[in-house]
Structure formats: C-alpha cells, structure tokens
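Both backbone and side-chain heavy atoms feed into the values below; hydrogens, waters and symmetry mates do not. In what follows, chains carry the letters A, B, and so on, assigned in the order in which the sequence lines appear, proteins first and then strands, with residues in each chain numbered from 1.
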2 protein chains.
Amino acid sequence: MGRPQMSGEDNLLRLVEAEDGDENNYHLQDQVGFILRKAHQRHVSIFASHIGDLTPPQFAALAKLYDIGETSQNQLGTLIAMDAATVKGVIDRLKARGLVEVSKHEVDKRRLLVNLTPEGRQAIERLIPLARAITEETLAPLTAKEAATFLRLLAKLA
Amino acid sequence: MGRPQMSGEDNLLRLVEAEDGDENNYHLQDQVGFILRKAHQRHVSIFASHIGDLTPPQFAALAKLYDIGETSQNQLGTLIAMDAATVKGVIDRLKARGLVEVSKHEVDKRRLLVNLTPEGRQAIERLIPLARAITEETLAPLTAKEAATFLRLLAKLA
DNA sequence: CTGATATCATTTGCATACGAATGAATTTGA
DNA sequence: TCAAATTCATTCGTATGCAAATGATATCAG
C-alpha cells in the first residue's frame with residue numbers, strides 16, 4: 001500500500017529500482033534507528049531477567065558511584081549520560097531504598113553530594129558479576145571477534 | 001573509591017590485574033548495554049533535530065502503515081516492536097492529530113483496525129526523505145564499510 | 001563592587017516502555 | 001458442543017528520558 005494507484009511512471013520507477021537495488025523504497029526494519037531501538041529493548045529485557053530489582057539506569061548510578069566515590073548529582077548525571085531531571089528521579093528511588101545517601105556540599109551550596117551507603121556498596125559488589133553475565137548474554141549472538149568489532153563501532157556511534 | 005582502605009591483599013590483586021588485563025575491574029563505560037543506551041539516545045536526538053513534531057515510535061507507526069496498509073493495532077505493534085500498552089498510546093496521539101484513523105474489524109470484534117488518513121499519508125511521504133538523512137547522520141561517524149558491518153552485527157543482536 | 005552570566009537542582013508536562021490485571025471475543029480440544 | 005485456553009484491547013502503576021521554566025547560588029567582567 002506504499003504506492004496506491006500505480007501509473008506508467010511508477011512502472012518505469014520500478015524498473016529503475018530493480019536495477020539500482022530498490023533505493024526508492026523505505027524499509028523501516030533496515031533503518032539503524034529502528035534496529036538500535038530493538039537491540040536496546042532486548043538488552044533491557046536480558047538485564048531484567050538477571051537483575052529484577054534494579055533497572056539499568058539505577059545500576060549505572062551505583063556502578064559509577066562505586067567507581068569514583070562521592071560526587072554531585074549533576075556530575076554523576078554527566079558520567080552516566082542522564083540529564084538533570086532523569087538523574088534526580090533515579091537518585092530519589094535509590095535513596096528511598098537506602099542504597100545511596102545525599103548531603104549538601106559544604107562550600108558550593110547549590111550542589112547535592114551523592115554517595116553509596118554500606119548497603120549500596122554491598123549491593124553493587126553483589127551485582128557486578130551478574131552484569132558480566134548480562135553483557136555476555138547480550139553479545140551471545142556474535143562470535144568473539146564480531147563482538148569486539150561491534151563494540152568498537154558502537155562506541156564510535158555513541 | 002571502588003576499593004577504599006587499600007590493604008596488602010588489594011596490592012596483590014592489583015598485580016594480578018596488571019597481568020591479566022584488569023579483568024577484575026568493572027568499567028561501566030565499556031559495557032555493551034551502557035553504550036547501546038547512549039547510541040540510542042544520540043540517534044533519538046538526531047531524529048528530533050530533523051523531525052521535531054513526531055517521535056521515532058510515531059514515525060515507525062506511520063511508516064509501517066504506509067508500507068503494509070490497514071492492520072490491527074496489535075499486529076502493528078508486533079511489526080514495530082511495541083507492546084500493546086505502548087502502541088495504544090502512540091496510536092491515540094496519532095489519531096488525535098488526524099494522521100491515522102481507527103475502525104472496528106467487521107468479523108473479529110476484538111480487533112481495532114488502524115489506517116493512515118490522507119493527511120497521514122501526505123505526512124509520511126514528506127518525512128521519508130528526512131528519515132534517510134537521519135540514518136545518514138546517525139551513521140556519519142563510520143565509513144561506508146564500517147556502517148555496513150555495524151548494521152549487519154546490530155541486526156544479529158536485535 | 002556589582003550587574004550579567006553561568007551552574008546546579010527542582011518541577012512540570014509529555015512521550016515511550018513494560019508488567020500485571022481485566023474484560024470481551026474467539027478458537028481450541030476433549 | 002461447550003468449557004478451557006488464547007487473543008485483542010484497555011487500564012493502572014512504575015520508571016526512564018527530555019524540553020522548558022524556575023529559583024538559588026556562584027562566577028565573571030567591567
């Protein structure tokens with residue numbers, strides 16, 4: 001139904017398409033954006049099957065805090081690629097669960113410092129091995145060599 | 001701050017890591033899920049800069065309807081990788097803007113048929129060339145050969 | 001020193017995204 | 001045939017994700 005009311009011009013166009021590889025047809029399922037969205041969905045689903053009580057963004061926040069230690073909410077957002085509004089929600093939920101704690105910056109009163117609680121540290125240490133398994137399962141359709149190539153190219157796009 | 005209170009054991013661990021490629025350290029920024037999320041974010045941002053009045057999921061719905069013609073809401077969701085709850089919201093918004101129209105299936109009364117309106121058809125025909133530009137810009141960091149490889153591997157993951 | 005700018009955090013509004021529950025309609029299978 | 005299972009759509013609750021507006025604080029420039 002992409003082109004109703006076929007005309008002589010359309011028939012000519014068809015011949016051209018047959019010769020040049022169908023360039024005038026738009027296939028959603030071949031577009032990088034659409035496939036990217038599906039691949040991301042699949043990863044999130046794999047993540048959820050291994051770690052049911054935490055989302056990927058929440059995990060990212062804990063992992064980054066574990067990596068770098070206390071930092072401001074804004075800086076954390078930059079490091080895990082979340083805008084200010086999003087990171088606030090993520091931190092609020094982690095705070096409500098006792099995995100992070102916040103405090104005011106002594107010098108710069110605009111800043112809200114965020115850090116892991118002992119419970120948060122214990123949680124992330126427990127989860128990191130699972131995260132490795134998640135990465136493995138996500139990349140499972142590729143050979144090791146393909147996975148390395150894919151990660152290299154994906155990083156160039158991100 | 002991943003490991004506070006360095007001990008002799010930690011120093012030993014460091015030596016091991018230096019030998020085996022740091023396998024015991026977890027780097028969020030190297031995980032496929034995290035990079036996938038960022039790449040997806042970048043694409044959505046590029047999409048928005050070209051097509052401001054429609055989201056990628058809304059565009060996907062229109063493009064698929066243009067491709068296959070009238071279909072049920074559920075079937076459309078399957079084709080564009082959206083669950084029933086999500087596709088309902090997308091269709092509701094497209095309907096409110098007059099780009100699609102819905103009707104009841106004559107035989108199977110459970111089904112809700114969705115189709116483009118003339119305005120919706122005109123819109124998608126206008127947008128498809130922009131979508132090609134969006135794909136191009138998204139893949140711009142890669143060479144043509146890299147882009148082909150990337151798309152092939154991404155499709156295996158999705 | 002002070003007015004203009006910039007930064008940090010919050011809030012609101014809108015749009016995916018998904019699990020779970022529900023109800024209506026259809027299909028299946030014993 | 002008819003009860004059980006399945007399918008389709010809707011609704012609710014929760015969680016990103018982003019734009020825009022706002023208020024508080026800090027920094028900069030003249």
Side-chain angles (χ1 to χ4, degrees), chain A residues 33-34 36-49 51-62 71-97 99 102-114 158, chain B residues 33-34 36-49 51-62 71-97 99 102-114 158:
Chain A
F34 183 71
L36 214 41
R37 175 169 150 272
K38 287 212 298 176
H40 182 247
Q41 281 177 1
R42 173 171 168 272
H43 167 74
V44 171
S45 167
I46 290 171
F47 187 100
S49 74
I51 300 179
D53 61 343
L54 221 56
T55 65
Q58 289 167 4
F59 175 86
L62 295 184
T71 187
S72 75
Q73 190 172 278
N74 215 45
Q75 173 66 7
L76 180 61
T78 299
L79 294 170
I80 59 181
M82 282 178 217
D83 75 2
T86 301
V87 78
K88 183 186 189 308
V90 172
I91 293 303
D92 278 353
R93 284 179 284 277
L94 292 174
K95 191 173 51 182
R97 292 177 52 178
L99 299 177
V102 303
S103 55
K104 288 180 192 163
H105 192 288
E106 286 301 320
V107 178
D108 187 340
K109 294 179 182 172
R110 296 169 304 178
R111 297 191 200 173
L112 190 66
L113 295 174
V114 187
Chain B
F34 183 71
L36 213 42
R37 174 169 151 271
K38 287 213 297 177
H40 181 246
Q41 281 177 1
R42 173 170 168 271
H43 167 75
V44 171
S45 168
I46 291 171
F47 188 101
S49 73
I51 300 178
D53 63 343
L54 220 56
T55 64
Q58 290 169 4
F59 174 86
L62 294 183
T71 189
S72 74
Q73 189 172 279
N74 215 47
Q75 173 66 9
L76 180 62
T78 299
L79 293 170
I80 60 181
M82 281 178 219
D83 75 1
T86 301
V87 77
K88 182 185 190 308
V90 172
I91 293 304
D92 278 352
R93 284 180 284 276
L94 292 174
K95 191 173 52 180
R97 293 176 53 177
L99 299 178
V102 302
S103 56
K104 288 180 192 164
H105 192 289
E106 286 301 320
V107 177
D108 188 340
K109 294 178 183 172
R110 293 170 306 178
R111 296 190 201 174
L112 190 66
L113 294 174
V114 187

- Query: Base, sugar-phosphate, or nothing: which does B/Val90 touch, judged by heavy atoms less than 4.0 Å apart?
  - Reply: sugar-phosphate
- Task: Using atom CD1 of B/Ile46 as one end and atom C1' of D/dG17 as the other, report the distance to the nearest whole Å.
- Result: 17 Å
- Message: Checking contacts here: which listed nucleotide (C/dA17, C/dA15, D/dT16) is nearest the side-chain heavy atoms of B/Arg93?
- Response: C/dA15
- Message: Less than 4.5 Å apart, side chain to side chain, heavy atoms only: is that true for B/Leu54 and B/Leu99?
- Response: yes
- Name the residue closer to the 5' end of DNA chain D, choosing between B/Leu113 and A/His40 according to the nucleotide with the nearest heavy atom. B/Leu113
- Can you tell me the distance, in whole Å, between the CG atom of A/Leu94 and the P atom of D/dA15? 10 Å
- What is the distance from CD of A/Gln58 to C1' of D/dT14, rounded to the nearest Å? 10 Å
- Query: Considering only side-chain heavy atoms of A/Gln41, which listed nucleotide, C/dA17, C/dT10, C/dT26, is closest?
  - Reply: C/dA17
Find every protein N or O atom lying less than 3.5 Å from an N or O atom of nucleotides 4-8 of chain C, and list the pairs.
unit_1, atom_1, unit_2, atom_2, d
C/dT7, O2, A/Arg110, NH1, 2.7
C/dC8, OP2, A/Asn74, ND2, 3.1

- Message: With nearest nucleotide decided by heavy atoms, which residue, A/Lys109 or A/Gly89, maps closer to the 5′ end of DNA chain D?
- Response: A/Gly89
- Does C/dT16 have OP1 or OP2 sitting under 4.0 Å from an N or O in the side chain of B/Thr55? yes
- Should A/Val114 and A/Val87 count as side-chain neighbours, where that means a heavy-atom distance under 4.5 Å? no
- Assign A/Val107 to base, sugar-phosphate, or nothing according to its heavy-atom contacts below 4.0 angstrom with the strands shown. sugar-phosphate
- Message: I'd like to know if the side chain of A/Gln58 and the backbone of A/Thr55 have a donor-acceptor N/O pair within less than 3.5 Å.
- Response: yes
- Item | B/Arg37 side chain vs A/Pro56 backbone, donor-acceptor pair below 3.5 Å | no
- Task: Please tell me if the side chains of A/Lys88 and A/Gln73 come closer than 4.5 Å, counting only heavy atoms from C-beta onward.
- Result: yes
- Query: When the distance from NZ of B/Lys104 to C1' of C/dA25 is rounded to whole Å, what number comes out?
  - Reply: 13 Å
- Item | Upstream residue (5' side of DNA chain C) when A/Arg37 and A/Ala85 are each assigned their closest nucleotide | A/Ala85
- Note on the structure: note: B/Phe47, atom CZ; D/dG17, atom P; distance rounded to Å ~ 18 Å
- Item | Separation of atom CE in B/Met82 from atom P in C/dA15, rounded to whole Å | 14 Å
- Measure the distance from CG on A/Asp92 to C1' on C/dT11 and round it to the nearest whole Å. 12 Å
- Query: Out of curiosity, A/Thr86 OG1 to A/Ile91 CD1, how far, rounded to the nearest 0.5 Å?
  - Reply: 11.5 Å
- Query: What is the distance, rounded to the nearest whole Å, between atom NZ of A/Lys88 and atom C1' of D/dA19?
  - Reply: 17 Å
- Here the side chain to side chain donor-acceptor pair (under 3.5 Å) pairs for residues 38-49 of chain A, sequence neighbours left out, are A/His43-A/Thr138
